[in-house]
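Below is one structure; the comments refer to it alone.
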Amino acid sequence: RNLASNSTKNLVKDVVIVIVAIAVIWIGLQIVFGTSNPFYVVSSGSMIPTLEIYDVIVVEGNTPFEDIQKSDIIVFYSPVAYEKHLKGENGGEERVIVHRVNEIMSDDPKTIQTKGDANPRPMKNVDYPITEKVYLGKVEYIIPQVGYITQILQPPINYIIIAVIIGVMIVKQLYNKKN
């Protein structure tokens with residue numbers, strides 16, 4: 001009886017350690033990259049060949065909007081969807097867009113026009129006007145094709161994988177206790 005309660009305690013300890021480690025890493029990444037979500041999966045072909053669908057981009061929010069230059073790749077909310085979101089209107093889901101800076105339209109206040117590399121021209125209300133309030137950050141790194149994993153790991157498969165990992169930890173604990 002004592003053996004079982006010890007392995008349960010150890011399992012709980014292991015699970016807590018894993019959860020705390022993940023939280024610490026996530027918070028650390030948020031601090032390092034200066035943004036609440038440093039990772040995005042590319043979901044459209046507007047930036048091919050620079051960004052392919054399912055590439056994961058690492059966004060760095062520490063670069064001030066003022067320092068953004070022509071040809072930087074930035075992440076921002078769709079200006080129209082953002083305005084609708086602020087007013088609480090329909091169609092106001094915060095659509096995140098990743099495009100290259102095409103032109104600095106104005107310096108006071110700074111206003112940018114972007115364009116997807118694969119798009120023939122900038123699109124009004126998508127690529128401009130981009131102002132500081134819709135700016136999320138600058139793309140620092142591109143991790144090719146890792147986003148496939150997030151597609152595979154949609155519910156319920158991600159939960160199954162988590163359950164399997166926890167199951168393996170339990171079995172490992174019990175096996176270690178026997179030996």
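- Closest heavy-atom contact between Thr111 and Pro129: CG2-CB, 3.7 Å.
- Under the 4.5 Å side-chain heavy-atom criterion for Ile, Leu, Val, Met, Phe, Trp and Tyr, Tyr128 and Phe65 are members of distinct hydrophobic clusters.
- The distance from the OG atom of Ser46 to the CG atom of Asp117 is 8.0 Å, given to the nearest 0.5 Å.
- Note that CZ of Phe76 is 9.0 Å distant from CZ of Arg95, once rounded to the nearest 0.5 Å.
- Between Val58 and Ile143, some side-chain heavy-atom pair lies under the 4.5 Å cut-off.
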Between Lys110 and Ile112, is a side chain to side chain contact (heavy atoms under 4.5 Å, CB included) present by the stated rule, with each step listed? CA-CA 7 Å; Lys110 185 163 188 169; Ile112 292 175; 4.2 Å; yes
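- We find the CZ-NZ distance between Arg121 and Lys115 to be 9.5 Å, quoted to the nearest 0.5 Å.
- The two residues Tyr40 and Val96 come nearest to each other via the heavy atoms CE2-CG1, 3.9 Å.
- Although no hydrogens or angles enter the test, the distance criterion places a donor-acceptor pair under 3.5 Å between the side chain of Asn62 and the main chain of Val32.
- To the nearest 0.5 Å, atoms CD (Gln113) and OG (Ser106) are separated by 12.5 Å.
- Taking hydrophobic clusters as Ile, Leu, Val, Met, Phe, Trp and Tyr residues chained together by side-chain heavy-atom distances below 4.5 Å, Ile48 does not share a cluster with Val56.
- Residues Leu29 and Phe39 meet the side-chain proximity criterion, which asks for heavy atoms closer than 4.5 Å.
- What you find for Val126 and Pro79 is that their closest heavy atoms are O-CD, 3.5 Å.
- Of the candidates Val18, Val16, Ile17, Val16 is the only one forming a side chain to side chain contact (heavy atoms under 4.5 Å, CB included) with Val20.
- With contacts defined as side-chain heavy-atom distances shorter than 4.5 Å, the pair His99/Asn119 qualifies.
- Side-chain contact between Ile130 and Ile74 is present, with heavy atoms from C-beta onward closer than 4.5 Å.
- Two residues are said to be in side-chain contact when any heavy atoms from C-beta on lie closer than 4.5 Å; Gln145 and Asp55 meet this criterion.
- Taking hydrophobic clusters as Ile, Leu, Val, Met, Phe, Trp and Tyr residues chained together by side-chain heavy-atom distances below 4.5 Å, Val134 shares a cluster with Leu86.
- Minimum heavy-atom separation, Gly45 to Ala118: O-CB, 3.5 Å.
- Between the side chain of Ser71 and the backbone N or O of Gln69 there is no donor-acceptor pair closer than 3.5 Å.
- Side-chain contact between Met47 and Ile73 is present, with heavy atoms from C-beta onward closer than 4.5 Å.
- Put simply, Met105 and Tyr77 are part of two different groups of oily side chains (I, L, V, M, F, W, Y) that touch within less than 4.5 Å, one to the next.
- Between Pro109 and Glu132, the closest side-chain pair of non-hydrogen atoms is not below 4.5 Å.
- Under the 4.5 Å side-chain criterion, counting only non-hydrogen atoms from C-beta, Lys138 is not in contact with Asp67.
- The OH atom of Tyr141 lies 14.0 Å from the CD1 atom of Ile57; values are rounded to the nearest 0.5 Å.
- Going from atom OH of Tyr135 over to atom OG1 of Thr63 covers 5.0 Å, rounded to the nearest 0.5 Å.
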